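For clarity, every value in this text was computed on a predicted model and none was experimentally measured.
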Amino acid sequence: MLHAISRDIAWHYRIIPFDRNNKEIHFYTDRSTDLSELENELAILFDEHIILKIASSAQIEEWLNKHYFGEKQSEGNEAVKNLVFNADFLDNLIYEAKQLKSSDIHIETYENRCRVRVRIDGMMVERYVLKREDYPALINKIKIMSNLDIAEKRLPQDGRIHYRRNQDQFDIRVSVLPTLHGEKVVLRLLNNNATNIQLDKLGMSPEDYENYLHGVKKPNGILLISGPTGSGKTTTLYATLKHLNKTTNNILTIEDPIEYTLEGINQVQLKENIGLSFGAALRTFLRQDPDIIMVGEIRDPDTANMAIRAALTGHLVLSTIHTNSAWGTVSRLIDMGIPNFLIANTLNTSVAQRLVRTLCPNCKREEELTADLYPRQFKPYFTVHRHAVAVGCASCYFTGFKGRKAVYEIIPMDQGLVDEIKKGNMRVDEQLKERKIKTLGENAFELFAAGETTIEEIYPLLFNY
C-alpha cells in the first residue's frame with residue numbers, strides 16, 4: 001500500500017495509505033478541518049473513492065519520516081539530524097532493531113543521501129534517512145566499537161561487537177563494504193539466548209516431527225538440513241542439539257559464527273585465517289571421543305569427506321548444505337565427489353526448509369480465490385474457495401505480514417531409497433509419494449489454505465525442483 005502514492009503527495013497532503021478495496025483507498029491524516037475538501041481533491045487525484053481516518057500529528061509525522069523520507073526537505077529532516085548527532089543514536093538504533101526482532105541493520109550511502117534499513121521477518125524496512133555529512137561519524141563509531149581500522153576505506157572489513165543494554169546482551173557481526181559513494185555497513189544481530197528454542201515448537205507437522213525424531217535418535221549417520229541463507233537452518237540445528245544435550249552425550253560443534261551458546265556443549269568458532277576450518281576441526285573432533293558432532297555447513301569436498309568418515313566410525317553428524325530440496329542433498333554430495341555407496345551408507349535423514357511470512361492478524365482480509373491467482377500451469381493440491389490477502393497497517397509497518405513460520409520437507413532414508421542412491425537414480429518422486437513424504441510445496445500450500453499466508457509468498461515453493 002505504501003507504494004500507492006509518492007513521497008511528495010504524502011508530505012503535501014500529510015496522508016498515509018493503509019487499506020484499499022472495492023475502488024476505495026483508506027488514508028490516515030492529521031487534518032481536523034476541511035476533510036470533505038481533502039476527500040474531494042484526493043478523489044480527483046486518484047480517481048477512486050477516498051476514506052479518511054484521523055490520526056495524531058505526532059503519529060503522522062513519525063510515519064512520514066519512516067516511510068516517505070528522502071525527497072521532502074522539511075522539519076522532518078531536522079528531526080533525523082538531531083537523532084544522528086545524539087551520542088546515543090547507534091546504541092538506540094541497535095536496541096530498537098532488537099525490539100523489532102530484526103535480523104540485520106543496513107547502513108548505506110548514495111549520491112545525495114544515506115539511509116538506515118532493518119530486515120524484519122525477511123523484508124527490508126526503511127527506518128531513517130541521514131544527511132551525507134553525518135554519515136562518516138556513524139561509520140567510524142561502528143568501526144571503533146568493532147575494533148576495525150577507521151583509516152581503511154578501500155577494502156572490506158569484518159568485525160564483531162558485544163552489545164549490552166539493561167538485561168540484554170548479544171553479539172553483532174559487522175561487515176563493512178566499500179561502494180561507489182562510500183562504505184556500506186551491515187550489522188547482523190546474533191541471538192545468544194537459546195532458551196526459547198524447542199524442537200517441538202518449530203512448526204513441523206506431526207508426521208514430519210516423527211520422521212525427524214527417527215533420524216535424530218539414530219546413533220550414527222548424517223542428518224543434513226538444506227536451504228538458502230536465512231531459511232532457519234541454524235535454529236533447527238540448535239533445537240536439535242538442545243534435544244540431544246544430555247550428560248551421557250559428548251557433543252562438539254564447529255560453527256561460523258556461534259549464534260547461540262548452549263551449556264553442556266563444546267562449541268568451537270571457525271577461524272580459517274589461522275587454519276581452523278571445518279575440515280581441520282573435524283579431524284581433531286574424531287580424537288575427542290564425541291558422540292554427536294555438529295558442523296555449521298558442508299561447503300567443500302574436504303568437509304564432506306570428513307563428515308562421511310565421522311558418520312562411518314559411529315558418530316551422529318548434524319550439518320547444513322545448500323540445495324533446493326531434501327532429495328537434492330544427494331546430488332550435491334555426489335557433486336562434491338562422495339561415492340554413491342558412501343552416501344547410501346551414511347545419510348540417515350535429509351531435510352529442506354524455508355521460512356514463510358505469515359499475515360498480520362490485525363489487517364489481513366479474506367477474498368474469493370480465482371484460478372488466475374495461481375502460478376501458470378500449477379495444479380492445486382486441493383480446492384480452496386477463499387484466501388487471505390495482505391493489507392498493511394501500522395502494527396506490521398504497512399507490509400501486511402507479521403512473523404514467519406518454517407516449512408519443512410523431511411525424508412527419512414529407508415532401504416528402498418538407499419537402493420536408489422546406490423543405483424544413482426535421482427528420480428524418486430513416485431517412491432516419496434508412496435511413503436507419503438510431503439514436499440515443501442504441499443506444506444506451504446496447507447499454510448496458505450489455512451489463511452496464514454498468501455499465494456504470492458509461497459510462489460517459489462509451489463514448483464517441483
Side-chain angles (χ1 to χ4, degrees), residues 2 16 18 28 55-56 58-69 76 79-108 114-130 138 141-142 145-146 159-175 185-198 201-202 230 232 234-235 238 257-261 355-364 390 392-406:
L2 290 171
I16 300 290
F18 69 91
Y28 287 116
S56 68
Q59 186 66 78
I60 292 294
E61 192 72 24
E62 179 185 342
W63 287 338
L64 288 171
N65 276 306
K66 185 189 300 180
H67 301 296
Y68 291 106
F69 222 94
V80 173
K81 178 181 176 182
N82 290 336
L83 280 172
V84 173
F85 281 108
N86 188 325
D88 295 328
F89 174 68
L90 180 59
D91 181 72
N92 291 334
L93 173 64
I94 295 171
Y95 185 75
E96 176 193 43
K98 190 64 175 177
Q99 299 308 305
L100 295 173
K101 298 182 179 178
S102 170
S103 60
D104 303 89
I105 303 172
H106 291 245
I107 304 170
E108 46 206 4
C114 309
R115 67 178 177 180
V116 176
R117 295 186 294 169
V118 296
R119 189 178 292 281
I120 303 173
D121 296 332
M123 179 65 69
M124 299 286 277
V125 177
E126 189 169 309
R127 297 293 290 175
Y128 301 105
V129 173
L130 320 174
L138 179 60
K141 184 169 184 177
I142 293 171
M145 290 176 65
S146 52
R160 201 176 183 93
I161 298 172
H162 186 70
Y163 178 86
R164 283 194 180 97
R165 178 164 172 170
N166 301 329
Q167 300 300 316
D168 289 326
Q169 58 175 317
F170 52 89
D171 289 331
I172 302 170
R173 190 169 60 185
V174 181
S175 175
V185 175
V186 175
L187 307 179
R188 166 63 62 88
L189 279 55
L190 306 175
N191 186 0
N192 293 354
N193 183 7
T195 305
N196 297 322
I197 301 177
Q198 301 293 337
K201 304 294 184 185
L202 295 180
T234 302
T235 300
Y238 277 110
I258 297 174
E259 295 194 23
Y260 301 91
T261 55
L355 290 178
V356 173
R357 291 186 299 162
T358 53
L359 287 162
C360 174
N362 298 318
C363 63
K364 70 177 182 180
C393 65
S395 176
C396 60
Y397 310 101
F398 298 96
T399 63
F401 296 89
K402 198 168 188 178
R404 291 188 290 180
K405 279 193 173 182

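A distance of 12.5 Å separates CG of L355 from NZ of K405, quoted to the nearest 0.5 Å. The distance from atom OG of S102 to atom CD1 of I94, rounded to the nearest 0.5 Å, is 11.0 Å. Annotation: the span from R115 atom CZ to Y128 atom OH amounts to 15.5 Å, rounded to 0.5 Å. With values rounded to the nearest 0.5 angstrom, E259 atom CD is found 13.0 Å from F170 atom CZ. Between the CG atom of D171 and the CG atom of L189 there is a distance of 10.0 Å, given to the nearest 0.5 Å. I197 CD1 to T234 OG1: the interatomic distance, rounded to the nearest 0.5 Å, is 9.5 Å.
K98 meets the side chain to side chain donor-acceptor pair (under 3.5 Å) test with no other residue; sequence neighbours excluded. When the side chain to side chain donor-acceptor pair (under 3.5 Å) test is applied to Y163, the partners found at least two apart in sequence or on another chain are D91. Residues that satisfy the salt bridge (Lys or Arg N to Asp or Glu O under 4.0 Å) test with K364, not counting sequence neighbours, are absent from this structure. Residues satisfying the side chain to side chain donor-acceptor pair (under 3.5 Å) criterion with R117, sequence neighbours excluded, are E108. Partners of A55 according to the side-chain contact (heavy atoms from CB on, under 4.5 Å) rule, which considers only residues two or more places apart in sequence or in another chain, are Y28, I60, W63. Under the rule for a side chain to side chain donor-acceptor pair (under 3.5 Å), D121 has no partner lying at least two apart in sequence or in another chain. By the salt bridge (Lys or Arg N to Asp or Glu O under 4.0 Å) test, R119 pairs with no residue at all, sequence neighbours left out.
At least one side-chain heavy atom of I107 sits under 4.5 Å from a side-chain heavy atom of I142. Looking at Q59 and I16, their side chains never come closer than 4.5 Å, going by heavy atoms from C-beta outward.
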Stepwise side-chain contact (heavy atoms from CB on, under 4.5 Å) check, Y260 with T235: CA-CA 9 Å; Y260 301 91; T235 300; 3.8 Å; yes
Worked check of side-chain contact (heavy atoms from CB on, under 4.5 Å) between L138 and F89: CA-CA 9 Å; L138 179 60; F89 174 68; 4.1 Å; yes
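Residue I172 forms a side chain to side chain contact (heavy atoms under 4.5 Å, CB included) with just one option from D104, I105, L190, I161, and that option is I161.
Contact record, G400 with C396: N-SG, 3.2 Å, taken as the closest heavy-atom pair. Annotation for L202 and A406: closest pair O-CB, 3.7 Å, computed over non-hydrogen atoms.
Judged purely by atom type and a 3.5 angstrom limit, S146 has no side-chain atom pairing as donor or acceptor with the backbone of R160.
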